[in-house]
Amino acid sequence: MNLVRIAMWSGPRNISTAMMRAWENRSDTVVIDEPFYGPFLKHSGEDHPMKEAVIKQQGKEYAPVLEKLLAPQADSVRIYYQKHMAHHMLDMAFVKNHLIEPFRHAFLIRDPKDVVRSYVRKYPQITAEALGYGRQVKIFNRVQQYFKQNPPVIESVDVLHQPKKTLEKLCAALNVPFDDAMLNWPRGYRDSDGVWATHWYNRVIESTGFKPYKEKDTPLTEREAEVAAACQADYAYLKKFKI
C-alpha cells in the first residue's frame, strides 16, 4: 500500500487528541498534531496560552508546514495521520490550492453546546469562529466538489458510544484497514504532542481508550449559548453527511 496521508478536520475540544492517540497506536501509522497552529497564531493575532512556544515549535508560515505534510516517511509507515483544526486555516485559497488533492479527508464533529462547555474551562474568550464549524463546512464543500463525493464525517458521541464500529466505518470510508490497536493506547504524553499539551491535554494524557459518553447538563451562560447557537447550522449541515 502506498503512503496514505489522512487529513482529519476538527474543531477544538472534540476528542480530536484521543482520535490522534488511536491512530498513533497503530504500528503502521505516524501522526502530526495541529501542524498549522503556529502560523495561525502568528497571522491571526490570537493570544492563546503558550503562544510564543507554539510559534517557536511550528514556525510562522504555512508553506514550510505543507512541505512537512508532504515529506516522505519511513518505509514501514503506511499512514500519515494529520490532526487539523479547521479554524487554523485562515487562507482558503491556500487550502484549495495545496491541501485537497494529496490527502484523504475526514471530518470530526461534536455538538456545539458540548464543545462550548469544554472550551471555556481552558480558554474563556470563546467565539463561534474559534470553534471552527464555518471553516469545516468550507473545507468539506471544497473536498466534496473536488473529489465529487462526500468525505466521511464522524461524530464524537458515536465514537464514544461505539468506538470499534465507528472506527471500522471510518477506516472503510478512507480505504485503509481497521486495526484493533486503535481502541486502546498507553497513558501519558507523546513526543508527537504539540508543545501546548501541558495546557490542553490534562485529561487525554490519563486516558487509555475512548471513555463512555456522559451527557452534559451544565447550563450555559447567555454568552456561551449565543456562541453555541451561532455554530448550530453548520454543525447540522455536516451532521447530515455522517457515515
Side-chain angles (χ1 to χ4, degrees), residues 1-14 16-17 19-24 26 28-108 123 129-143 145-147 151 174 176 189-201 204:
M1 184 174 75
N2 293 330
L3 179 65
V4 175
R5 303 174 195 271
I6 296 174
M8 174 63 85
W9 298 99
S10 179
R13 317 309 292 172
N14 193 8
S16 57
T17 308
M19 185 68 68
M20 182 175 69
R21 290 281 189 272
W23 284 91
E24 189 174 21
R26 298 173 59 120
D28 62 354
T29 301
V30 296
V31 303
I32 191 168
D33 191 8
E34 300 182 30
F36 291 108
Y37 196 6
F40 165 76
L41 289 175
K42 175 62 179 179
H43 291 281
S44 69
E46 292 282 348
D47 189 23
H48 284 198
M50 305 182 72
K51 175 178 179 177
E52 295 306 319
V54 175
I55 294 174
K56 182 178 180 180
Q57 182 190 61
Q58 295 188 309
K60 303 176 180 179
E61 303 303 330
Y62 284 82
V65 177
L66 177 63
E67 293 181 13
K68 184 182 297 185
L69 300 183
L70 296 176
Q73 300 296 313
D75 291 342
S76 60
V77 175
R78 294 290 177 263
I79 298 171
Y80 187 6
Y81 180 86
Q82 302 166 5
K83 171 195 167 192
H84 293 298
M85 293 291 107
H87 66 284
H88 289 172
M89 307 316 300
L90 298 173
D91 184 355
M92 276 302 298
F94 180 85
V95 176
K96 292 177 181 179
N97 293 333
H98 301 291
L99 286 179
I100 303 300
E101 194 277 330
F103 306 97
R104 298 183 192 178
H105 299 265
F107 293 78
L108 176 63
Y123 189 65
E129 291 76 17
L131 302 189
Y133 289 92
R135 192 67 58 170
Q136 268 189 300
V137 167
K138 289 182 179 179
I139 297 171
F140 177 91
N141 287 340
R142 179 57 183 166
V143 172
Q145 292 162 8
Y146 185 89
F147 291 105
L174 292 169
V176 298
Y189 289 107
R190 302 285 185 280
D191 290 341
S192 56
D193 290 343
V195 68
W196 56 89
T198 54
H199 178 83
W200 294 97
Y201 293 176
V204 76

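Any value given below was found using the heavy atoms of this structure, including those in side chains, with hydrogens, waters and symmetry copies removed. Please read all numbers here as calculations on a predicted model, not as lab measurements.
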Are Y37 and M85 close enough that some pair of their side-chain heavy atoms sits under 4.5 Å apart?
no
Find out whether I139 and F107 are in side-chain contact, i.e. whether some heavy atom of one side chain is under 4.5 Å from a heavy atom of the other.
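Sidechains of F107 and I139: in contact.
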Counting only pairs under 3.5 Å, give me each side-chain donor-acceptor contact of residues 68-75, with atom names and distances, residues two or more places apart or in other chains.
| from | atom 1 | to | atom 2 | distance (Å) |
| --- | --- | --- | --- | --- |
| Q73 | NE2 | A71 | O | 3.3 |

Which distance, rounded to the nearest 0.5 Å, do you find between the [atom1] of [X] and the [atom2] of [Y]?
| X | Y | atom1 | atom2 | value |
| --- | --- | --- | --- | --- |
| L41 | K60 | CG | NZ | 12.5 Å |
| Y133 | F140 | OH | CZ | 15.5 Å |
| R190 | T17 | CZ | OG1 | 11.0 Å |
| L3 | T29 | CG | OG1 | 9.5 Å |
| H199 | H48 | NE2 | NE2 | 9.5 Å |
| Q58 | E34 | CD | CD | 7.5 Å |

Please report the shortest heavy-atom distance between [X] and [Y], naming the atom on each side.
| X | Y | answer |
| --- | --- | --- |
| I55 | G38 | CG1-O, 3.7 Å |
| P39 | V65 | CG-CG2, 4.1 Å |
| S10 | S16 | OG-CB, 3.7 Å |

Just jot down the side-chain contact (heavy atoms from CB on, under 4.5 Å) partners of [X], sequence neighbours excluded, or say none.
| X | value |
| --- | --- |
| N141 | V137, Q144, Q145, Y237 |
| P64 | E61 |
| A22 | M182, W185, F210 |

Parallel, tilted or perpendicular: ring planes of Y201 versus W196, cut at 30 and 60 degrees
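Y201 vs W196 ring planes: perpendicular.
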Going by side chain to side chain donor-acceptor pair (under 3.5 Å), W9 matches just one of Q136, H105, H84. Which one?
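Between W9 and the candidates, side chain to side chain donor-acceptor pair (under 3.5 Å) is satisfied uniquely by H105.
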Verdict with reasoning, Y81 to M19, per side-chain contact (heavy atoms from CB on, under 4.5 Å)
CA-CA 10 Å; Y81 180 86; M19 185 68 68; 3.2 Å; yes
Does the side-chain contact (heavy atoms from CB on, under 4.5 Å) test come out yes or no for L90 and Y62, once each step is laid out?
CA-CA 10 Å; L90 298 173; Y62 284 82; 3.7 Å; yes
Give a yes or no on whether the backbone of L174 and the side-chain of R104 come within a donor-acceptor separation of less than 3.5 Å.
yes
Quick one: does D33's side chain have a donor or acceptor within less than 3.5 Å of a partner on G194's backbone?
yes
Start with the C-alpha gap between L99 and F36, add the side-chain angles, then the distance that decides, and say whether side-chain contact (heavy atoms from CB on, under 4.5 Å) holds.
CA-CA 12 Å; L99 286 179; F36 291 108; 4.0 Å; yes
Suppose we screen for salt bridge (Lys or Arg N to Asp or Glu O under 4.0 Å). Which residues come up paired with R13, at least two apart in sequence or across chains?
none
Salt bridge check: are K83 and D193 linked by an N-O gap of less than 4.0 Å?
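D193 and K83: not salt-bridged.
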Under the criterion side-chain contact (heavy atoms from CB on, under 4.5 Å), I'd like the reasoning laid out for Y189 against T198: C-alpha separation, chi angles, the key distance, then a yes or no.
CA-CA 9 Å; Y189 289 107; T198 54; 4.0 Å; yes
Pair listing, side chain to side chain donor-acceptor pair (under 3.5 Å) test, anchored in residues 85-98, at least two apart:
none
